[in-house]
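Numbered from 1 within each chain, the chains take letters A, B, ... in sequence-line order. The structure displayed is predicted, hence computed values, not measured ones.
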2 protein chains.
Amino acid sequence: MAMNTRTLCLGILSLKEASGYELKKEIEEGMFRHFIDASFGSIYPALTQMSAEGLLTVRAEEQSGRPDKKVYAITEAGRAALAKGLAVIPARDKYKSEFLFEMLLQHLLNKEQVDLAISKQHADLTEDLGAIMEARAHKGGECNDPGSRFVMGYGECVVRAALGFLEAQCPWLRKNKIKAAE
Amino acid sequence: MAMNTRTLCLGILSLKEASGYELKKEIEEGMFRHFIDASFGSIYPALTQMSAEGLLTVRAEEQSGRPDKKVYAITEAGRAALAKGLAVIPARDKYKSEFLFEMLLQHLLNKEQVDLAISKQHADLTEDLGAIMEARAHKGGECNDPGSRFVMGYGECVVRAALGFLEAQCPWLRKNKIKAAE
DNA sequence: TGATGCATGTAATCCGTTACATGATTCA
DNA sequence: TGAATCATGTAACGGATTACATGCATCA
């Protein structure tokens with residue numbers, strides 16, 4: 001085992017209890033978003049399975065008009081399983097970039113396609129950076145543990161470097177930036 | 001379509017002809033290694049399939065003692081397919097990091113585990129950086145097209161930033177570095 | 001003599017995404 | 001009125017990894 005949907009859910013549930021829907025939101029919008037994904041199709045079955053194995057408990061919260069919200073909480077067995085998962089030496093980071101693939105083969109593209117790809121990359125990175133800065137500012141209280149600070153710092157540093165490279169290579173990106181800020 | 005094993009193979013074969021084995025090596029050791037992987041289990045079937053579709057031609061090179069080496073070359077149809085693949089707006093970069101997951105949950109680990117994970121990350125990044133620098137120095141001729149320079153520059157910049165962050169957070173890494181250089 | 005590199009392939013299996021199915025509430 | 005959010009789940013499908021199967025050459 002190591003980093004599959006199960007371990008991910010256990011990890012979040014070790015911080016706070018949550019429903020499947022809330023876990024998805026946390027994964028998409030929280031700290032995790034920069035280095036993991038997961039979809040409902042993998043989260044819900046993982047949760048059901050882990051409850052059956054005694055790693056989680058479920059509590060159904062009634063709601064008007066909606067299906068009951070199933071709030072999951074981690075058990076002692078769950079914490080043990082998580083600890084075992086974390087004890088595994090982490091696998092090397094995996095980075096997949098269609099953007100860099102396109103850049104490497106840029107001689108096969110025309111200038112517009114290259115510029116478009118670069119703009120898109122720049123926009124994506126800018127959005128990432130924005131999310132980090134907002135997390136730091138907005139919920140300063142929630143993110144003041146050493147783990148969150150480390151991860152945000154790492155992310156900020158890497159994203160800024162990438163952005164800096166793109167802007168150094170393509171001066172026209174800076175113009176767009178100013179335009180966007182107007 | 002966009003970035004699957006097929007497009008990847010077409011991309012490399014658009015630069016030079018190669019066998020499945022050589023493609024794997026190129027993916028593991030060349031420019032691509034920083035942002036893609038692929039295993040034999042996906043490369044060989046992709047190659048067979050694309051030959052059948054007329055995107056590639058095969059030429060068997062006899063060799064003593066080994067199975068014939070099957071050298072694949074891209075056809076016009078293959079170049080067209082590749083162009084179509086590249087025309088798709090690239091998907092957002094995907095970054096998966098068990099390292100950052102562990103760092104985020106570092107309160108569940110003891111100091112040795114955290115330090116080990118950080119050292120490993122530092123070593124991995126150092127290796128990546130070394131590969132980039134070596135590629136630049138060693139085969140200066142092969143990597144002087146704009147695409148390679150862009151990708152190497154981007155990689156170098158990001159990896160150095162990550163390394164810088166780790167070293168700023170953990171001064172003891174610098175000691176190790178000096179030790180390693182002795 | 002044993003590991004590593006060269007060389008190709010297949011099959012089982014895993015893991016995950018996408019799409020489907022359902023349905024009320026709220027906001028523009 | 002239509003889109004988005006809240007809320008849970010299943011099933012089909014895809015894509016890739018892993019392990020298996022084979023076997024000679026070379027280097028330490």
**Q** Think Lys25(A) has a side-chain N or O under 4.0 angstrom from the OP1 or OP2 of dC6(D)?
**A** yes

**Q** Angle between the end axes of the helix from dT1(C)-dA28(D) to dA28(C)-dT1(D), five pairs per end, to the nearest 10 degrees?
**A** 50°

**Q** Would you find a donor on one side and an acceptor on the other, under 3.5 Å apart, between the side chain of Asn4(B) and the backbone of Thr7(B)?
**A** yes

**Q** Rounded to the Å, how far apart are Glu28(B) CD and dT4(C) C1'?
**A** 14 Å

**Q** Determine: side-chain N/O of Tyr21(A) to OP1/OP2 of dT8(D), distance under 4.0 Å, yes or no.
**A** no

**Q** Does a side-chain N-to-carboxylate-O contact under 4.0 Å join Glu26(A) and Lys16(A)?
**A** yes

**Q** Using a 4.0 Å heavy-atom cut-off, does Lys24(B) contact any base of the nucleic acid, only the sugar-phosphate backbone, or nothing at all?
**A** nothing

**Q** Is there a donor-acceptor contact under 3.5 Å from the side chain of Ser19(B) to the main chain of Lys70(B)?
**A** no

**Q** Using a 4.0 Å heavy-atom cut-off to protein, can you give one letter per nucleotide of nucleotides 9-20 of chain D, 5' to 3': B if the base is in contact, S if only the sugar-phosphate is, - if neither?
**A** BB-----SBB--

**Q** How close or far is atom C1' of dA24(C) from atom NZ of Lys69(A), stated in whole angstroms?
**A** 15 Å

**Q** Looking only at the side chains, is there a donor atom on one of Asp145(B) and Gln106(A) sitting less than 3.5 Å from an acceptor on the other?
**A** no

**Q** I'd like to know if the side chain of Lys120(B) reaches the main chain of Pro90(A), judged simply by a donor and an acceptor atom lying under 3.5 Å from each other, with no hydrogens or angles considered.
**A** yes

**Q** Distance check needed: dA7(D) C1' versus Leu23(A) CG, whole Å only.
**A** 13 Å

**Q** Rounding to an integer number of Å, can you tell me how far Glu29(A) CD sits from dA4(D) P?
**A** 15 Å

**Q** Determine whether a donor-acceptor pair (N or O, by modelled atom type, separation under 3.5 Å) exists between the side chain of Arg149(B) and the backbone of Asn144(B).
**A** yes

**Q** Given side chains that start at C-beta, do those of Glu102(B) and Met3(A) come closer than 4.5 Å, heavy atoms only?
**A** no

**Q** Phosphate oxygens OP1/OP2 of dC6(C): is one of them under 4.0 Å from a side-chain N or O of Gln63(B)?
**A** no

**Q** Under 4.0 Å between a side-chain nitrogen and a carboxylate oxygen: does that hold for Arg92(B) and Asp128(A)?
**A** yes

**Q** Give the rounded distance in Å between these two atoms: CG of Asp68(A) and C1' of dA24(C).
**A** 14 Å

**Q** When you check the gap from the basic side-chain N to the acidic O, do Arg160(A) and Glu167(A) get nearer than 4.0 Å?
**A** no

